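One structure is given here, and the rest of the page talks about it.
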Amino acid sequence: MKKIALITGATSGIGEACARKFAQGDYDLIVTGRNQPKLDALKASLSEWGADVLPLVFDVRDRQAAIEAVDVLPDRWRDVDVLINNAGLALGLEKEYEGRFDDWETMIDTNIKGLLTMTRLIVPHMVERNRGHIINIGSVAGDAAYAGGNVYCATKAAVKAITDGLRIDLVDTRIRVTNLKPGLVETNFSVTRFHGNKAQADNVYRGIHPLTGADIADTAFFAASAPEHVQIAEVLILATHQANGTVCSKDPDREESLS
């Protein structure tokens with residue numbers, strides 16, 4: 001029987017890349033997202049690697065929808081081996097005192113509450129079986145605030161604390177807990193942050209060779225594939241010319257040479 005990975009926010013970016021990597025790695029997949037056509041397309045594309053895929057359409061911010069989706073999982077899908085809490089986003093770069101209330105609520109409800117909801121729904125069954133792995137997608141932004149990042153950075157700092165706390169709670173089990181902290185990853189992340197302004201989003205990555213979703217998926221799969229006695233607790237993943245959340249060296253010529 002193949003192992004099963006459940007990936008939230010699987011229709012794009014890091015989540016989609018994780019789905020592809022784990023399918024190639026001989027996992028069956030539960031993929032969640034808000035967009036039924038995108039989930040259906042993902043399911044079709046993953047058949048290339050022989051993966052059995054169960055799409056679940058719900059927003060992790062909607063706790064009741066998440067509960068209902070997990071409650072009716074067929075028995076064949078209940079034994080989740082790897083939970084990847086990937087669903088998350090940043091919205092806006094305003095100063096904290098000028099931020100939008102709706103943006104704050106969306107980030108907090110997705111990045112923190114959504115992650116907690118999925119953890120609460122899936123991990124108890126892992127504890128019953130005394131096996132499993134939770135991989136939370138944090139961020140370098142959780143290490144220190146940067147200008148305009150205030151609430152987003154706070155949500156990713158929360159992801160670190162929640163991940164560390166869960167690892168403590170599970171220390172007497174065989175369940176492993178990992179926090180992956182990417183730096184600059186070129187996905188739809190910045191387009192979302194800038195409310196659809198593609199030109200503004202592209203400028204974030206101009207002059208540096210950024211990470212890709214596949215880079216983060218490779219690291220997630222590496223952590224999940226470690227021997228049972230090895231727990232990769234935390235990984236900070238940066239582009240070569242990025243030192244931390246605020247220090248990057250950008251050079252258009254260098255970007256061209258690395259592409």
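Treat the numbers as computed from the prediction; the structure is a model and nothing was measured. What you see below is based on every heavy atom in this structure, not just the backbone, and it leaves out hydrogens, waters and symmetry mates.
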- Message: How close do Gly183 and Leu238 get, counting heavy atoms only, and between which atoms?
- Response: CA-CD2, 3.9 Å
- Query: Can you check whether Lys181 reaches Val235 side chain to side chain, under 4.5 Å on heavy atoms?
  - Reply: no
- Minimum heavy-atom distance between Arg176 and Gln231, given as atom pair plus value: CA-OE1, 3.4 Å
- Item | Ring geometry between Phe221 and Tyr27 (parallel below 30°, tilted from 30 to 60°, perpendicular above 60°) | perpendicular
- Output the distance between atom OG1 (Thr106) and atom CZ (Phe101), rounded to the nearest 0.5 Å. 13.5 Å
- Task: Give a yes or no on whether the ring-centroid distance for Phe189 and Tyr152 is below 6.0 angstrom.
- Result: yes
- Message: With a sphere of 6.0 Å drawn around CZ of Arg120, does it hold more than 12 non-hydrogen atoms of other residues, nucleotides or ligands?
- Response: no
- Message: I'd like to know if the side chain of Lys250 and the backbone of Val204 have a donor-acceptor N/O pair within less than 3.5 Å.
- Response: yes
- Task: Kindly work out whether a path of hydrophobic side-chain contacts (I/L/V/M/F/W/Y, heavy atoms less than 4.5 Å apart) joins Leu184 to Phe194.
- Result: yes
- Identify which one of Val70, Asp28, Val72 satisfies the side-chain contact (heavy atoms from CB on, under 4.5 Å) criterion when paired with Trp77. Asp28
- Message: Let me confirm one number: the CD1-CD1 distance from Ile30 to Ile84, rounded to the nearest 0.5 Å.
- Response: 12.0 Å
- Flag yes if Val171 and Val230 sit in one hydrophobic cluster, no otherwise; membership is Ile, Leu, Val, Met, Phe, Trp, Tyr, and two members link when side-chain heavy atoms are under 4.5 Å apart. no
- Message: Looking at Asp81 and Ile4, would you say the former's side chain and the latter's main chain have a donor-acceptor pair under 3.5 Å?
- Response: yes
- Task: Any chance you could measure Thr219, atom OG1, to Lys21, atom NZ, to the nearest 0.5 Å?
- Result: 9.5 Å
- Query: Which atom pair, heavy atoms only, marks the closest approach of Tyr205 to Val185?
  - Reply: OH-O, 3.1 Å
- Query: Under 4.5 Å between any side-chain heavy atoms of Gln242 and Cys248, yes or no?
  - Reply: yes
- For Lys2, does the NZ atom sit with more than 12 other heavy atoms under 6.0 Å from it, leaving out its own atoms? yes
- Identify the residue among Val60, Ile137, Ile135 that makes a side-chain contact (heavy atoms from CB on, under 4.5 Å) with Asn86. Ile137
- Shortest non-hydrogen contact from Ile14 to Pro182? CD1-CG, 4.3 Å
- Note on the structure: In short, Gly245 meets Val140 closest at the heavy-atom pair N-CG2, 3.5 Å
- Task: I would like to know whether Trp49 and Arg20 meet side chain to side chain contact (heavy atoms under 4.5 Å, CB included); could you show each step before the answer?
- Result: CA-CA 9 Å; Trp49 297 287; Arg20 298 189 184 284; 4.1 Å; yes
- Query: Under a 4.5 Å cut-off applied to non-hydrogen side-chain atoms, are Met126 and Ile134 in contact?
  - Reply: yes
- Message: With rounding to the nearest 0.5 angstrom, report the CZ to CD distance, Phe58 to Gln36.
- Response: 12.5 Å
- Task: Mind checking the NZ-OG spacing from Lys3 to Ser225? Nearest 0.5 Å is all I need.
- Result: 7.5 Å
- Query: Taking side chain as C-beta onward, heavy atoms only, is Asn136 less than 4.5 Å from Leu115?
  - Reply: yes
- Message: Any side-chain to backbone donor/acceptor pair from Ser47 onto Gly50? Under 3.5 Å, distance only.
- Response: no
- Query: Any side-chain heavy atom of Ile67 sitting closer than 4.5 Å to one from Gln64?
  - Reply: yes
- Query: Can a donor-acceptor pair be found between the side chains of His195 and Asp103 at a distance below 3.5 Å?
  - Reply: yes
- Crowded around Arg167 CZ? As in, over 12 foreign heavy atoms under 6.0 Å? yes
- Asn150 (side chain) donor-acceptor with Glu94 (main chain) under 3.5 angstrom: yes
- Message: Is there a path of hydrophobic side-chain contacts, each under 4.5 Å between heavy atoms, that joins Leu6 and Val123?
- Response: yes
- Taking the side chain as C-beta and beyond, is there a heavy-atom pair between Arg174 and Glu228 under 4.5 Å? yes
- Check whether any side-chain heavy atom of Ile108 lies under 4.5 Å from a side-chain heavy atom of Val151, and answer yes or no. yes
- Message: Does either side chain, that of His133 or that of Thr178, offer a donor lying less than 3.5 Å from an acceptor on the other one?
- Response: yes
- Message: Please identify which of these residues, Thr163, Asn111, Thr119, meets the side-chain hydrogen bond (donor to acceptor under 3.5 Å, both in side chains) condition with Asn85.
- Response: Thr119
- Query: Can you find a heavy atom in the side chain of Arg193 that is under 4.5 Å from one in the side chain of Leu93?
  - Reply: yes
- Under a 4.5 Å side-chain heavy-atom rule over Ile, Leu, Val, Met, Phe, Trp and Tyr, are Val57 and Val80 clustered together? no
- Message: Apply side chain to side chain donor-acceptor pair (under 3.5 Å) to residues Asp79 and His125 and explain how you reach the verdict.
- Response: CA-CA 7 Å; Asp79 291 348; His125 195 42; 2.8 Å; yes
- Item | Distance in Å, Arg34 CZ paired with Thr8 OG1, rounded so as to fall on 0.5 Å steps | 11.5 Å
- Whether over 12 other heavy atoms sit under 6.0 Å from Glu98 CD: yes
- Task: Would you name the heavy atoms of Leu54 and Pro74 that are closest together and state the gap between them?
- Result: CD2-CD, 4.4 Å
- Item | Test side chain to side chain contact (heavy atoms under 4.5 Å, CB included) applied to Leu89 and Leu91, step by step | CA-CA 7 Å; Leu89 76 168; Leu91 290 169; 3.8 Å; yes
- Item | Test side chain to side chain contact (heavy atoms under 4.5 Å, CB included) applied to Ile112 and Ile162, step by step | CA-CA 9 Å; Ile112 302 176; Ile162 289 166; 3.9 Å; yes
- CZ (Arg131) with more than 12 external heavy atoms under 6.0 Å: yes
- Message: If you apply the rule side chain to side chain contact (heavy atoms under 4.5 Å, CB included), what do you find for Glu68 with Asp62, and how did you get there?
- Response: CA-CA 10 Å; Glu68 290 171 2; Asp62 186 339; over 6 Å; no
